[in-house]
J.: 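The following block contains the structure, expressed as structure tokens.
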Amino acid sequence: MSEAKFMLAPLGRRFNAKFIDGLVGFLIGYVGILLLADFFTAKSGLTDVLMIMSVVIYTLVADALFKGQSLGKKLLNLYVVDFKTNKPSTIWQSAKRNFT
């Protein structure tokens with residue numbers, strides 16, 4: 001990226017992007033459950049664990065996926081950039097940012 005300065009996005013757009021990302025994480029988990037349904041039963045509790053883990057993992061690393069854009073941010077044309085360098089978020093920065 002060039003020397004462009006990025007502005008903080010409005011709270012409503014950031015919320016909408018995070019909401020979309022939550023839906024994406026849920027859908028990833030749901031598809032995973034459908035694909036693995038033959039390997040375990042719903043009573044085993046693994047379906048719940050798979051769903052929760054997919055949402056958590058996607059949420060932690062999503063901001064680093066498409067050069068600083070999660071799927072929700074990509075739809076709303078938002079970016080996550082390092083404040084000092086203006087470079088896209090890395091996986092580590094995304095995980096630290098979303099863990100807090």
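Being a predicted model, the structure only gives us computed values, none of them experimental. Quick note: numbers below take in every heavy atom, side chains included, and nothing from hydrogens, waters or symmetry partners.
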J.: Name every donor-acceptor pair, under 3.5 Å, that has one atom in a side chain of residues 7-16 and the other anywhere in the protein, sequence neighbours excluded.
T.:
residue, atom, partner, partner atom, Å
Arg13, NH2, Leu76, O, 2.0
Arg14, NE, Ala9, O, 3.0
Asn16, ND2, Gly12, O, 3.3

J.: I need the full list of salt bridge (Lys or Arg N to Asp or Glu O under 4.0 Å) pairs touching residues 25-34, with sequence neighbours left out, sorted by first then second residue.
T.: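 Passing the test, one end in residues 25-34: no pairs.
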J.: Do Leu71 and Ile28 share a hydrophobic cluster (ILVMFWY, side-chain heavy atoms under 4.5 Å, transitive)?
T.: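 Yes; tracing contacts between hydrophobic side chains, which count when under 4.5 Å, links both residues.
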J.: Just grab all the side-chain hydrogen bond (donor to acceptor under 3.5 Å, both in side chains) pairs involving residues 21-32, residues at least two apart or on different chains.
T.: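 Listed once each, the pairs are Asp21-Tyr58, Asp21-Ser70.
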J.: Atom CD1 in Ile20, atom NZ in Lys74: separation rounded to 0.5 Å?
T.: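 Ile20 CD1 to Lys74 NZ: 13.5 Å, rounded to 0.5 Å.
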J.: Find out if a path of hydrophobic residues (ILVMFWY) with successive side-chain heavy-atom gaps under 4.5 Å connects Val24 to Phe66.
T.: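 Per the 4.5 Å side-chain linkage, Val24 and Phe66 are co-clustered.
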J.: Quick check for you: to the nearest 0.5 Å, what is the distance between Leu75 atom CG and Gln69 atom CD?
T.: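 With rounding to 0.5 Å, CG (Leu75) is 9.5 Å from CD (Gln69).
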